[in-house]
Amino acid sequence: MVGLVIVSHSATLAEGAAELARQMGGADVAIETAGGLDDGEIGTDAARVMMAIEAVRSDDGVLVLMDLGSALMSAELAVEMLGEGGPVRLSGAPLIEGAVAAAARARTGAGLDEV
């Protein structure tokens, strides 16, 4: 099953988006967050994104959703740092709506392109 990673500058926003997505995806859809910085400040960190991707990665793939500009840069860098494994795609979908829709599609067993 396709896993999801939600990247936000705010840990609270990332967790809230994941909470909504889990309601649509159910317990079977693996969802991780990479929000904020280690010190609790606003920001993104490529290493945190990479760890979140690795936590949900499978042969079916991972869809990464981001909130703002530098979240995209952190996600791109995280993908470059990853080793071998299932495919990873970055989504330009709106964060909240995209996460909820992606979780609902992943729950049905849809492939990465469809999710």
Side-chain angles (χ1 to χ4, degrees):
M1 186 171 293
V2 173
L4 305 178
V5 172
I6 298 172
V7 182
S8 174
H9 286 72
S10 165
T12 304
L13 179 59
E15 288 300 327
E19 179 182 11
L20 287 171
R22 286 183 185 110
Q23 288 294 314
M24 295 302 293
D28 292 336
V29 178
I31 302 173
E32 285 289 324
T33 63
L37 300 174
D38 288 338
D39 62 4
E41 292 294 317
I42 297 291
T44 60
D45 180 318
R48 290 180 78 156
V49 176
M50 184 183 73
M51 289 187 306
I53 292 169
E54 289 175 335
V56 299
R57 201 167 190 191
S58 72
D59 291 340
D60 293 326
V62 177
L63 185 68
V64 182
L65 298 108
M66 298 101 10
D67 64 357
L68 302 169
S70 65
L72 171 61
M73 290 186 292
S74 291
E76 289 172 336
L77 183 56
V79 170
E80 289 177 17
M81 296 185 319
L82 286 170
E84 294 296 316
V88 178
R89 300 264 170 77
L90 306 182
S91 173
L95 183 64
I96 305 301
E97 295 89 340
V100 169
R105 293 304 297 145
R107 182 180 191 167
T108 68
L112 183 56
D113 288 337
E114 190 175 336
V115 171

**Item:** Donor-acceptor under 3.5 Å (Ser91 side chain, Ala93 main chain)
**Value:** yes
**Asked** Backbone N or O of Asp28 within a donor-acceptor pair of the Arg107 side chain at under 3.5 Å?
**Response**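 Not at all, since once roles are kept as given, no pair shorter than 3.5 Å links the two residues.
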Looking at [X] and [Y], what are the two nearest heavy atoms and their distance?
X     : Y      : result
Ala46 : Ala78  : O-CB, 3.4 Å
Asp60 : Leu112 : O-CB, 3.7 Å
Ser10 : Asp67  : N-OD2, 4.5 Å
Pro94 : Leu65  : O-CD2, 4.4 Å
Pro87 : Ser58  : CD-O, 4.4 Å
Ser8  : Leu95  : CB-CD2, 4.4 Å

**Asked** Roughly how far apart are Met1 CE and Thr108 OG1, rounded to 0.5 Å?
**Response**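 Met1 atom CE to Thr108 atom OG1 measures 8.0 Å (nearest 0.5 Å).
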Same cluster or not: are [X] and [Y] linked, directly or through other Ile, Leu, Val, Met, Phe, Trp or Tyr residues, by side-chain heavy atoms under 4.5 angstrom apart?
X     : Y     : answer
Val49 : Met81 : yes
Val5  : Val29 : no
Ile31 : Val56 : no
Leu20 : Val2  : yes

**Request:** For Arg48, check salt bridge (Lys or Arg N to Asp or Glu O under 4.0 Å) against everything at least two apart and list the hits.
**Result:**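 For Arg48, the residues satisfying salt bridge (Lys or Arg N to Asp or Glu O under 4.0 Å) (neighbours in sequence not counted) are Asp38.
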**Leu13 vs Ile96 side-chain heavy atoms within contact, under 4.5 Å** = yes
**Message:** When you compare the side chain of Glu19 with that of Glu15, does any pair of heavy atoms fall below 4.5 Å?
**Reply:** no
**side chain to side chain contact (heavy atoms under 4.5 Å, CB included) partner of Leu63, chosen from Leu90, Ile6, Leu4, Asp113** = Leu4
